[in-house]
Every structure is written in structure tokens, then in C-alpha cells.
Amino acid sequence: MKIKELLSMCTLSDSSLSEVLNAHPLQFISKELGIPVWEVKYKYLTQRNNKKEATKYIFLHESEWDGVDNEFNLYIDRFNEENLDRQLSNVEILEENYLGEFILPIE
């Protein structure tokens with residue numbers, strides 16, 4: 001992926017980053033971007049009380065292990081708000097695993 005292409009898709013989390021979005025591609029030293037991935041295995045009950053197990057993936061740094069639960073629970077809350085006809089209940093996290101990083105080459 002070209003750096004200019006990557007920068008055009010980015011949004012700012014802080015206004016001090018606006019200068020970086022306008023930087024020349026040759027100003028970047030890094031040749032790859034690591035995207036950390038967590039796996040969350042969970043179980044739940046469907047609207048019809050069927051027991052299910054599933055897996056979701058979350059992009060969080062390895063050091064943010066304490067935020068995985070929160071991020072997952074926010075997802076479940078959003079899902080239930082947006083899908084009133086098929087809400088998940090009795091959601092329980094079975095396992096959380098840091099899997100590593102996806103490596104995105106940039107040039």
C-alpha cells in the first residue's frame with residue numbers, strides 16, 4: 001500500500017497529527033504497519049434460547065489486554081441496540097487470546 005493512499009484513509013485522533021497527514025511519503029521511515037489482533041471466544045443465548053458459541057476479533061495493542069473485555073462488551077451492547085429482533089443474552093467470554101500482528105507493507 002502506498003503511504004499517500006494510507007494517509008488519505010486515516011482520520012485524526014488528535015489535531016496535532018494533521019501535520020503528519022500532509023507529510024511527504026519520503027519523510028516516513030517505516031516500511032510496514034503492524035496491526036495487533038485479539039481473538040475473543042464467547043457463548044450466548046439467542047432470542048429463541050438456543051446456546052451458541054462464536055469468535056470475534058479485535059484490533060488492540062497487546063499491552064491493552066485489560067481493554068479487550070470493555071471493547072467486546074461495547075460491541076455486544078451496540079449489536080443488541082441495532083438488532084432488537086435478534087438480541088444476544090447471557091453473553092459470557094470464554095477465552096481471550098492475543099494472536100499477534102497483521103503486517104501491512106507500505107511504500
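Val91 and Tyr75 fall within a single hydrophobic cluster, where Ile, Leu, Val, Met, Phe, Trp and Tyr side chains are chained together by heavy-atom contacts under 4.5 Å. In the hydrophobic clustering of ILVMFWY residues, with side-chain heavy atoms under 4.5 Å counting as a link, Val20 and Met9 come out together.
At distances below 3.5 Å, at least one donor-acceptor pair connects side-chain atoms of His24 with backbone N or O atoms of Leu26. Looking only at distances, a side-chain donor or acceptor of Asn22 sits under 3.5 Å from a matching main-chain atom of Ser18.
Within the 4.5 Å cutoff, no side-chain heavy atoms of Thr55 are placed close to those of Val40. With contacts defined as side-chain heavy-atom distances shorter than 4.5 Å, the pair Val37/Ile58 does not qualify. Within the 4.5 Å cutoff, the side chain of Leu88 has heavy atoms near those of the Ile76 side chain. You'll find the side chain of Glu101 stays beyond 4.5 Å of the side chain of Ile35, heavy atoms only. The shortest distance between side-chain heavy atoms of Leu104 and Glu32 does not fall below 4.5 Å. Using a 4.5 Å heavy-atom threshold, the side chains of Gln47 and Asp85 count as separate.
Taking the charged nitrogens against the carboxylate oxygens, Glu107 and Lys2 do have a contact shorter than 4.0 Å, which makes a salt bridge.
Environment of CD in Glu19: sparse, with no more than 12 heavy atoms of neighbouring residues, nucleotides or ligands closer than 6.0 Å. Heavy atoms from other residues, nucleotides or ligands lying under 6.0 Å from CZ of Phe28 number more than 12. For Lys4, the NZ atom sits in a packed shell: over 12 heavy atoms of surrounding residues, nucleotides or ligands are nearer than 6.0 Å.
Asn97 and Glu95 form a side-chain donor-acceptor contact under 3.5 Å, judged by distance and modelled atom types alone.
Atom CG of Asn90 is separated from atom CG of Leu45 by 4.5 Å, given to the nearest 0.5 angstrom. Here the OH atom belonging to Tyr44 is positioned 9.5 Å from the CG atom belonging to Asn50, to the nearest 0.5 angstrom. To the nearest 0.5 Å, the span separating CH2 on Trp65 from CG on Leu60 amounts to 12.5 Å. Between Asn73 atom CG and Arg78 atom CZ the span is 11.0 Å, to the nearest 0.5 Å. The structure places CD1 of Ile3 at 12.0 Å from OG of Ser8, a figure rounded to the nearest 0.5 Å. Note that OH of Tyr42 is 5.0 Å distant from CZ of Phe72, once rounded to the nearest 0.5 Å.
Between Phe79 and the options Lys56, Arg86, Gln87, a side-chain contact (heavy atoms from CB on, under 4.5 Å) holds for only Arg86.
Smallest separation of non-hydrogen atoms from Leu7 and Leu21: O-CD2, 3.5 Å. Heavy atoms only, all atoms of each residue included: Trp38 and His61 are closest at NE1-O, 3.3 Å. Of all heavy-atom pairs spanning Leu17 and Ser13, the tightest one is CD1-OG, 3.8 Å.
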Between Lys41 and Ile93, is a side-chain contact (heavy atoms from CB on, under 4.5 Å) present by the stated rule, with each step listed?
-> CA-CA 6 Å; Lys41 294 182 180 182; Ile93 294 175; over 6 Å; no
